[in-house]
Amino acid sequence: MKKKYFVLSLSFLFTFLAMGKENVKWVKEKIVQVKTGNFSLPVSQQPGPLIAFGQNIVDKGEWLVLTRVDQLKAHKKSFIEVAPSVIYGINDTISLFIELPIATKFQLNNNVARGIGDLLVQCEGVVYAKETAIMANVITLVGNIGLPTSSAHTEPLIGLGGGSTTVFFGFTASHTGQDWYYFVSSGANLTTSRKGTKFGNQFLYEGGISKNICYKVDSWIFNGMIEFDGIYKQRDKINRVIDGNSGGNQLFFYPSLWFSTQRFLGQFGVSWIII
């Protein structure tokens, strides 16, 4: 990893630790919401985004074990990925998220690749929170490191950084009410160079809105969600030469359904590329 990215990562980690101390007062004075709609279950089981990053704050000492399954299918393209992950609440305002994507079948034209992707280690911390008995407004900072555990020689590529380390910084802002939940988030994924090759940095802009369909207090929540996820990618540099056929902007539209209980949560959606 380049020295500047290493320094940025350490600075971000110390910021999270400082936030944990500053937010003790907020935790002690945390208001208990009325148990209706989106507040029918604990915070870890309340609706969240399908694809967008962050918003993984859970209570202190709580563990969530998750598995994400994605498939992207188009003409002469098929990408199937399984990503097991773990979320742990360091305290009530800071969480640790670890994910290891696995490419079960990445096919592009006649080329097929399989294997382990880049290991993701992420911290998220609350920097602002305002709560009443019927709503919660929260802003978080998110930072992660993508470790190059994938091969740099597959076609198509499996890892985001093509065998190099990536560093991500971003923020999320969300509002949760009894009936509605909505959010916006933005961040930058910075790649590093490896032997004269550097894949383009990515800039994310995301947002979504969710409506509670029905619920049962202390039992389950059922919601419908619409999510928009945009990615702007700079051009790649291959052997110190800019690839003019790389980079660009993509905007995805994701309708999904959310269902959670005290010990289970599931979300299913289908996406379309708008841009």
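Scanning all heavy atoms of the two residues, the minimum distance from Tyr205 to Gln250 falls at OH-O, 4.0 Å. In terms of heavy-atom proximity, Thr176 sits nearest to Phe39 at O-CZ, 3.4 Å. Contact between Gln122 and Val142 at its shortest, heavy atoms only, is CD-CG1, 3.4 Å. Here the closest heavy-atom approach between residue Glu155 and residue Leu108 is recorded as OE2-CD2, 3.9 Å. The two residues Thr154 and Leu157 make their nearest non-hydrogen contact at OG1-CA, 3.4 Å. Looking at every heavy atom in both residues, Ile221 comes nearest to Ser40 through CG1-CB, 4.1 Å.
Side-chain contact annotation: Asn223 with Asn38, donor-acceptor N/O pair under 3.5 Å present. Thr140 and Thr172 form a side-chain donor-acceptor contact under 3.5 Å, judged by distance and modelled atom types alone. Between the side chains of Lys198 and Thr191, a donor-acceptor pair is found at a separation under 3.5 Å. In this model, no donor atom of one side chain and acceptor atom of the other lie less than 3.5 Å apart for Gln202 and Asn189. A donor-acceptor pair shorter than 3.5 Å can be found between the side chains of Thr36 and Gln178. Looking at Gln107 and Ser78, their side chains never bring a donor and an acceptor atom within 3.5 Å of each other. Side-chain contact, Asn201 with Tyr232: no donor N or O sits under 3.5 Å from an acceptor N or O.
Salt bridge present: Glu81 and Arg68 bring a charged side-chain N and a carboxylate O closer than 4.0 Å. Under the 4.0 Å criterion applied to side-chain N and carboxylate O atoms, Lys237 and Asp243 are not assigned as salt-bridge partners.
Rounding to the nearest 0.5 Å places CG of Leu66 at 4.5 Å from OG of Ser85. Between Glu206 atom CD and Leu204 atom CG the span is 5.0 Å, to the nearest 0.5 Å. Note that OG of Ser186 and CZ of Phe53 are 6.5 Å apart. Values are rounded to the nearest 0.5 Å. In this structure, CZ on Phe168 lies 9.0 Å from CG on Leu190, to the nearest 0.5 angstrom. In this structure, the separation between CG on Leu265 and CH2 on Trp258 is 4.5 Å, given to the nearest 0.5 Å. Between Glu227 atom CD and Ile51 atom CD1 the span is 6.5 Å, to the nearest 0.5 Å.
At a threshold of 4.5 Å between side-chain heavy atoms, the hydrophobic network of Ile, Leu, Val, Met, Phe, Trp and Tyr places Ile274 and Val270 in one connected group.
At distances below 3.5 Å, not a single donor-acceptor pair connects side-chain atoms of Ser256 with backbone N or O atoms of Gln267. The main-chain N or O of Gly247 is never found under 3.5 Å from a side-chain atom of Arg235 such that the two would form a donor-acceptor pair. For Gln262 (side chain) and Asp218 (main-chain N/O), a donor-acceptor pair under 3.5 Å exists by modelled atom type. In terms of modelled atom types and a separation under 3.5 Å, the side chain of Asp236 and the main chain of Gly200 share a donor-acceptor contact.
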| Are Met135 and Gln33 close enough, and set up right, to give a side chain to side chain contact (heavy atoms under 4.5 Å, CB included), and what steps lead you there? | CA-CA 7 Å; Met135 71 87 179; Gln33 279 85 19; over 6 Å; no

| Worked check of ring pair (Phe, Tyr, Trp, His ring centres under 6.0 Å) between Phe228 and Phe252 | CA-CA 6 Å; Phe228 294 89; Phe252 296 86; over 10 Å; no

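Counting heavy-atom neighbours within 6.0 Å of Tyr182 OH, excluding the residue itself, gives a total of 12 or less.
Ring pair Tyr88/Trp63 is tilted by interplanar angle, where 30° to 60° counts as tilted.
Annotation: side chain of Val126 is in contact with side chain of Ile57 (closest heavy-atom distance under 4.5 Å).
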